[in-house]
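Scope of the values below: all heavy atoms of this structure, side chains included, with no hydrogens, waters or symmetry mates. Within every chain, numbering begins at 1; the chains are lettered A, B, ... in the order of the sequence lines, protein sequences first and strands thereafter.
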There are 2 protein chains.
Amino acid sequence: MRRSITDRIEQYIKVLINRSDLQQIEIQRAELAETFSCVPSQVTYVLSTRFSYKDGYITESRRGGKGFVRITRVKSDAGSCSRVQADIKDLIAHLKEDQHLGESEARLLQDLLFTLFMDLSKEQRHLVLSKLVEAMARYSGLQTD
Amino acid sequence: MRRSITDRIEQYIKVLINRSDLQQIEIQRAELAETFSCVPSQVTYVLSTRFSYKDGYITESRRGGKGFVRITRVKSDAGSCSRVQADIKDLIAHLKEDQHLGESEARLLQDLLFTLFMDLSKEQRHLVLSKLVEAMARYSGLQTD
DNA sequence: AACTTAAAGGTCAATAATAGTCAAAGGGGA
DNA sequence: TCCCCTTTGACTATTATTGACCTTTAAGTT
């Protein structure tokens with residue numbers, strides 16, 4: 001049973017994503033086409049038929065020198081939710097302590113952040129969370145100065 | 001991940017700004033070009049494509065002896081006009097209108113969300129933003145009931 | 001002070017390096 | 001055979017890199 005080039009490229013990309021840390025890889029379209037001895041536009045075809053948002057992926061790209069195609073798997077992972085939610089609660093608690101937020105604003109922010117995180121993969125959540133911590137640190141710094 | 005010279009220069013500048021106290025740095029165009037082994041006009045290219053006012057930065061310069069380029073990250077309310085930032089502003093404004101947030105809480109939330117969004121890709125931003133809108137709608141619904 | 005020179009940074013257009021689009025042609029299975 | 005998915009390639013769009021030439025500023029000279 002001989003599989004099509006499209007199928008083989010699809011599998012190849014999925015393996016790379018599985019091996020990645022952040023459910024995200026970057027490829028060069030022309031290079032990948034070279035690897036599979038096909039025209040570059042076939043890679044575009046694979047992306048649009050197998051890696052659409054409906055399929056659970058986001059693709060972005062940049063043209064020009066050192067251009068790339070970035071493919072990200074967006075998948076929620078209920079298991080890791082509780083951990084990150086706990087972290088968010090901690091952060092909110094700190095902001096309340098420091099008088100930056102009142103009770104109802106804190107609940108609003110917490111609710112927003114929970115919802116915000118729900119559709120990200122586990123790895124993405126941790127990335128975003130670290131950004132949030134950074135932002136809070138910076139904000140606190142500005143406030144106390 | 002960051003491949004092109006333009007990307008590396010962008011990253012370098014952002015690190016310097018992050019380390020600075022006043023969200024502001026001064027560089028010498030020729031020296032920076034030397035560091036990255038490129039022509040000076042490439043630095044100008046980086047500034048115009050990555051550090052425009054729309055991107056949330058102000059750049060000033062002086063020619064001649066002891067010349068410099070000064071790059072300043074401006075505060076969010078100064079009018080960072082990217083699409084997503086504008087959307088966030090809208091959302092925050094609605095919450096203020098509906099009395100869910102006071103002035104200072106609104107500013108805190110806006111600052112947090114901006115920072116949060118900075119390192120997400122464009123596609124991720126739109127995904128996350130839609131979640132944010134959902135959360136806000138849900139929150140508003142709960143409040144008015 | 002007026003002039004000159006050297007030392008910055010700015011502009012712009014050409015070229016190179018990627019990726020996207022779209023429609024036509026190909027091919028294999030129901 | 002016919003349909004649908006795949007494969008191809010010519011043309012387009014976007015982004016990065018480079019270099020020749022221009023403008024501004026500071027410092028030195030007369």
Nearest to the side chain of [X], which nucleotide is it out of [options]?
X: A:R50; options: D:dT6, D:dA16, C:dT21; answer: D:dT6
X: A:R63; options: C:dA8, C:dG10, C:dT18; answer: C:dT18
X: B:C38; options: D:dT18, D:dT8, C:dG20; answer: D:dT18

Whether [X] side chain and [Y] backbone form a donor-acceptor pair below 3.5 Å:
X: A:E26; Y: A:I71; answer: no
X: B:S37; Y: B:A33; answer: no
X: A:Q24; Y: A:R73; answer: no

Give the rounded distance in Å between these two atoms: [atom1] of [X] and [atom2] of [N].
X: A:Y45; N: C:dG27; atom1: OH; atom2: P; value: 15 Å
X: B:E26; N: C:dA8; atom1: CD; atom2: P; value: 14 Å
X: B:Q42; N: C:dG9; atom1: CD; atom2: C1'; value: 16 Å
X: A:D7; N: C:dG28; atom1: CG; atom2: P; value: 14 Å
X: B:L32; N: C:dG10; atom1: CG; atom2: P; value: 12 Å
X: A:R29; N: D:dT14; atom1: CZ; atom2: P; value: 15 Å
X: A:R70; N: C:dA19; atom1: CZ; atom2: P; value: 13 Å
X: A:K66; N: D:dT17; atom1: NZ; atom2: C1'; value: 10 Å

Atom pairs and distances, donor-acceptor, side-chain atoms in residues 44-52 of chain A, under 3.5 Å, two or more places apart:
from: A:T44; atom 1: OG1; to: A:R29; atom 2: NH1; distance (Å): 2.9
from: A:S48; atom 1: OG; to: A:T44; atom 2: O; distance (Å): 3.3
from: A:S48; atom 1: OG; to: A:Y45; atom 2: O; distance (Å): 3.1
from: A:T49; atom 1: OG1; to: A:Y45; atom 2: O; distance (Å): 2.9
from: A:T49; atom 1: OG1; to: A:V46; atom 2: O; distance (Å): 3.4
from: A:R50; atom 1: NH1; to: A:D7; atom 2: OD1; distance (Å): 2.9
from: A:R50; atom 1: NH1; to: A:E10; atom 2: OE1; distance (Å): 2.8
from: A:S52; atom 1: OG; to: A:K54; atom 2: N; distance (Å): 3.3
from: A:S52; atom 1: OG; to: A:D55; atom 2: N; distance (Å): 3.3
from: A:S52; atom 1: OG; to: A:D55; atom 2: OD2; distance (Å): 2.9

Under 4.0 Å, counting only non-hydrogen atoms across every strand here, what does A:G67 touch: a base, just sugar-phosphate, or nothing? sugar-phosphate

Would you give the length of the straight line joining atom [atom1] of [X] to atom [atom2] of [Y], rounded to the nearest 0.5 angstrom?
X: A:I9; Y: A:F36; atom1: CD1; atom2: CZ; answer: 5.5 Å
X: A:I58; Y: A:Y53; atom1: CD1; atom2: OH; answer: 6.0 Å
X: A:Q23; Y: A:Y57; atom1: CD; atom2: OH; answer: 8.5 Å

Is the shortest side-chain N/O distance from B:T6 to OP1 or OP2 of D:dT17 below 4.0 Å?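 Yes, within the criterion.
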
Do the side-chain N or O atoms of B:S61 get closer than 4.0 angstrom to the phosphate oxygens (OP1, OP2) of C:dG10? yes

How far does the helix from C:dA1-D:dT30 to C:dA30-D:dT1 bend, going by the axes of its first and last five pairs, to the nearest 10°?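 Both end axes considered, the difference amounts to 10°.
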
Which is more 5' along DNA chain D, the nucleotide nearest B:S41 or the one nearest B:T49? Just name the residue.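 The 5'-side residue here is B:T49.
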
Whether the side chain of B:R62 and the base of C:dG9 hold a donor-acceptor pair under 3.5 Å is what I'd like checked.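 Such a pair does not exist between side chain and base.
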
